[in-house]
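Only one structure is covered here, and it is reproduced in the block below.
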Amino acid sequence: MRKKDLQKIKHLTATPKIMELVKQDAGETKTAQFTYKSNKTYRIYERYQYYRAVVENEILKLAVFPRRCLAAGIVEPEYEIYLDKREKKYLTYDPSQGRWLTGKIDSLKYDLDTGYWYGNKPWASENTKKIVNDYLETGSMEVKEAVLEFQNKVGKERLERKHRTEIEEIDAVMNTVPELPKDFDNWILESAFIHERYLLYHYQDKENRAYCTHCGKTVKLSKTPKHNTDGICPSCKTKAMIKAWKKQKYLIDGKKVGIIQKLTDGSGYVLRRFYCRIERKQENDYRIKFAGCWENERFILNENFHEKGRYEFGLYKQTGITRWCHDRGNYYYVAEKDECVLYHRNLKNLRKGTEFRYVPLEELFSHNQGCYSYTIRILSEIRRKPQIEYLIKTHLYRLAWDLAKTVGKDITDPTKKKLWQALKITKEQLTDCIKMNISARELDTLQRANELRIKLTREQIRFFTEEIGSQLSVEIFKYKHPGKFERYFKRLGQEKQRIADYMDYLQDVEKLRLTPTEDILFPKNFTAAHQRTALQRQEREDKMEHMKILEKEKLLEQMLPELREIYEYGDNDFMIILPTCKADFNREGRENHNCVGGSYFDKMIKGESCVMFLRKKEDPNTAFCTVEMKGSSIKQCRAIYNRTAPEDAEKFMEKFSKEVEHRIQKKRKELRIQAAV
């Protein structure tokens, strides 16, 4: 439909019959009753819209006249609706605004006379009804319903065409996704759930026997088992979680697994993510069995493994159809949906001819089986940090994994060509790092020890990293003798709380400036030594704090003569008392239950304000009101528990404030006279 041609169609105005019907429709007065506000009176009319129609050039034109405009004598339509059944299109023109609208007839705003409109039936002559129904082939429907039905059909077909185009684009991409490898299910059971192995025991069993779900044997544990702790099966030597078994019939574990595959059209790659569940039933000797495996996300990657599209399996645009559709970005983990345990057996063939062709990705992931990772981010980090390739080839798999997963601080030096220099260690230490398959945290500990010229064994590197942490270890390395510290901590029990207490003890030693002899660093009775140094430090800090208070009280004493000239005041009922020491502030805060004993002493010393105590003249030793003033301005005047001061006290303070202002002005005048002389 061309808009210029539409405006050439016959212009329709309100007929005399329509004007007469509007005049006859006097309406009915109604009252709306409300519980929490006043009632409202309004009028309800029989009809609010009137229609006229005409067909020209095989286009239906419908003029819409609101009752409000007709009652005001306006015969021009508020809207003109154009329908074309050949092209299956519709448009609406707003003459008052001179603009075209695409909304349907039921979405037009008619600016009704009242908000209490109960869906009246619009009026149209029999001729108008016939024109509309004959054109739209809708039988004998009302005008509005017939037009709305046509517009709904047009909108539905338009939406279906749009969906069809989008679905075809999605299906074209999904059709390039290859079949899964034949060993994918076996890999899930053997590798993806490698950490989900258990040693099951009964509380009643006094012989410490447990059943291993991996090897299927009943074994005897070396010590009394504890629920949800790590253990090792004495038979198959696999790591497993120890679990107490009562009346459970089965165990269920779930995991997100993924696989990268090359698209069949060669345009790039796809990262497919599945959610898998396995179960172990008691009746089947806890053998692993699939409880379900669902593919829920696909990430389309280009030839350089950069993400270029996301898809998820779910409801498509509220159509009720479950299929592959564009990612809807639900909830708050949009950027991290690629988290999964990655299938590694195809990576060697997959990286051929790519920028990762020299990076043994399959070794990196195979040595971290069952571990979650953000695959796309890891590939990006490997691309950004070329030293990861050398770490993998040197069998430093844990360090390579940590660096690939870390986005923040990098503990390597990428400007160095030699690996041991890039790791900021010596050539001899590189050999030890390879033998222990060092992690990023352990390397950080080693680097910090090198900075202090401390030599650590492989066992000491692991011990200080796991039990203390690299940052706190620096505080220990300052005293040398890492071996003695290691033996001493083992004697303490290696409990986290005990080590935390020892680090507090070292801080006390430094604060007290004690000579770090062996007796001091490694006391035989640590608990007694810790309590003694903590008490000494507290006494020293209290003494230093007391000295600071004394210095401040001397300053206050020097300020008091001048403050008394301005603020000492009283009448027959009340009097003002100035504090003379920190104890006065504390006593006032305690008796009046306020915070004046806190920072207000320092504020007065700095001259930020002046604190004083308002007392009844008949009882000057009992706390009454606490006052804070700046110059002659009263900042606070509070009674007990920070309540508002009594009325007679406030009147006294108003009189006192004026007197203070008078004294300040007098003082300034005297200073000016002295300066002039």
(message) For the backbone of Tyr505 and the side chain of Thr533, can you confirm whether one donor and one acceptor N or O come within less than 3.5 Å of each other?
(response) no

(message) Is it true that, when you exclude Lys262 itself, more than 12 heavy atoms of the residues, nucleotides or ligands shown sit nearer than 6.0 Å to its NZ?
(response) no

(message) Could you check whether any side-chain N or O of Asp327 sits under 3.5 Å from a backbone N or O of Arg310, counting only pairs where one atom can act as donor and the other as acceptor?
(response) no

(message) Counting only heavy atoms not in Arg357 (residues, nucleotides, ligands), do more than 12 fall under 6.0 Å from its CZ?
(response) yes

(request) Would you confirm whether Thr319, through its side chain, and Leu315, through its main-chain N or O, come within 3.5 Å as a donor-acceptor pair? (result) no

(message) Surrounding NZ of Lys393 (heavy atoms of other residues, nucleotides or ligands, distance under 6.0 Å), is the total greater than 12?
(response) yes

(request) Start with the C-alpha distance between Tyr397 and His367, add both sets of side-chain angles, then the distance that settles ring-ring contact (aromatic ring centres under 6.0 Å, His included), and finish with yes or no. (result) CA-CA 7 Å; Tyr397 300 114; His367 281 82; 3.7 Å; yes

(message) Tell me the closest heavy-atom pair linking Arg491 and Lys524, and the distance in Å.
(response) NH2-CA, 4.4 Å

(request) Answer yes or no: is there a donor N or O on one side and an acceptor on the other, between the side chain of Tyr502 and the main chain of His530, under 3.5 Å? (result) no

(message) Any salt bridge linking Arg345 with Glu190? Criterion: basic side-chain nitrogen under 4.0 Å from a carboxylate oxygen.
(response) yes

(message) With a 3.5 Å distance limit and no angle check, can you tell me whether Glu279 reaches the backbone of Gly292 through a side-chain donor-acceptor pair?
(response) no

(message) I'd like to know if the side chain of Asp519 pairs up with that of Thr517 as donor and acceptor (distance under 3.5 Å, no hydrogens or angles considered).
(response) no

(message) Between Ser470 (side chain only) and Thr445 (backbone N and O only), is there a donor and an acceptor less than 3.5 Å apart?
(response) no

(request) Output, in order, the C-alpha distance, side-chain angles, deciding distance and verdict of salt bridge (Lys or Arg N to Asp or Glu O under 4.0 Å) for Arg384 and Glu381. (result) CA-CA 5 Å; Arg384 192 174 68 88; Glu381 287 296 304; 2.9 Å; yes

(message) So if I apply the ring pair (Phe, Tyr, Trp, His ring centres under 6.0 Å) rule between Phe274 and each of Phe184, Tyr343, Phe290, which one comes out positive?
(response) Phe184

(request) Answer yes or no: is there an ion pair linking Lys478 with Glu510, defined by an N-O contact shorter than 4.0 Å? (result) yes

(message) Taking Arg351 first and then Glu362, would you say they form a salt bridge - that is, a charged N and a carboxylate O separated by under 4.0 Å?
(response) yes

(request) Can you establish whether the number of heavy atoms outside Tyr275 located under 6.0 Å from its atom OH is more than 12? (result) yes

(message) For the OG1 atom of Thr465 and the CD atom of Glu467, what is their distance to the nearest 0.5 Å?
(response) 10.0 Å

(request) Decide yes or no on salt bridge (Lys or Arg N to Asp or Glu O under 4.0 Å) for Arg537 and Glu541, but give the supporting numbers first. (result) CA-CA 6 Å; Arg537 178 180 176 181; Glu541 289 179 352; 3.1 Å; yes

(request) Give the minimum heavy-atom separation between Lys220 and Pro234, together with the two atoms involved. (result) O-CG, 3.6 Å

(message) Nearest 0.5 angstrom please: Asp338 CG to Tyr374 OH, how far?
(response) 8.0 Å

(message) Less than 4.0 angstrom from a charged side-chain N to a carboxylate O is my criterion; do Asp444 and Arg448 meet it?
(response) yes

(message) Looking at Pro386, is its backbone amide N or carbonyl O close enough to the side chain of Glu389 to form a donor-acceptor pair, meaning the two atoms are under 3.5 Å apart?
(response) no

(message) For Tyr316 together with Trp324, are the ring centres under 6.0 Å from each other?
(response) no

(message) Out of the candidates Lys455, Arg458, Arg462, Lys427, only one should pair with Asp432 under the salt bridge (charged side-chain N to carboxylate O under 4.0 Å, His left out) rule; please name it.
(response) Arg458

(request) Could you tell me whether a side-chain N or O of His306 sits under 3.5 Å from a main-chain N or O of Asn302, the two making a donor and an acceptor? (result) no

(request) Could you tell me which non-hydrogen atom of Glu179 sits nearest to which non-hydrogen atom of Gln261, and how far apart they are? (result) O-NE2, 2.7 Å

(message) Run the ring-ring contact (aromatic ring centres under 6.0 Å, His included) test on Tyr269 and Phe299 for me, step by step, so that the C-alpha distance in whole Å, both residues' side-chain angles and the decisive distance to 0.1 Å come before the verdict.
(response) CA-CA 8 Å; Tyr269 303 87; Phe299 302 82; over 10 Å; no

(message) Testing the basics here: between Tyr488 and Pro523, what is the closest heavy-atom pair and its distance to 0.1 Å?
(response) OH-O, 2.6 Å

(request) Using atom types as modelled and distance alone, determine if a side-chain donor or acceptor of Asn175 lies under 3.5 Å from a backbone N or O of Asp171. (result) yes

(message) Quick check: closest heavy atoms across Ile605 and Lys552, and the distance to 0.1 Å?
(response) CD1-O, 3.3 Å

(request) Working to the nearest 0.5 Å, report the span between CD1 of Ile300 and CG of Leu271. (result) 9.0 Å

(request) Give a yes or no on whether the backbone of Lys256 and the side-chain of Tyr372 come within a donor-acceptor separation of less than 3.5 Å. (result) yes

(request) Flag the pair Tyr211 / Tyr198 as yes when their ring centroid distance falls below 6.0 Å, and as no otherwise. (result) no

(request) Check the pair Leu399, Leu423 against side-chain contact (heavy atoms from CB on, under 4.5 Å), reporting the backbone distance first and the verdict last. (result) CA-CA 10 Å; Leu399 181 57; Leu423 298 180; 3.8 Å; yes

(message) Assess whether a salt bridge exists between Lys490 and Glu486, defined as any Lys/Arg side-chain N lying under 4.0 Å from an Asp/Glu carboxylate O.
(response) yes

(request) Verify the neighbour count for atom NZ of Lys418: are there more than 12 heavy atoms of other residues, nucleotides or ligands below 6.0 Å? (result) no

(request) To the nearest 0.5 Å, tell me how far Cys325 SG sits from Met174 CE. (result) 10.0 Å

(request) Calculate, to the nearest 0.5 Å, the distance between atoms CZ and CG belonging to Arg197 and Asp253 respectively. (result) 12.0 Å

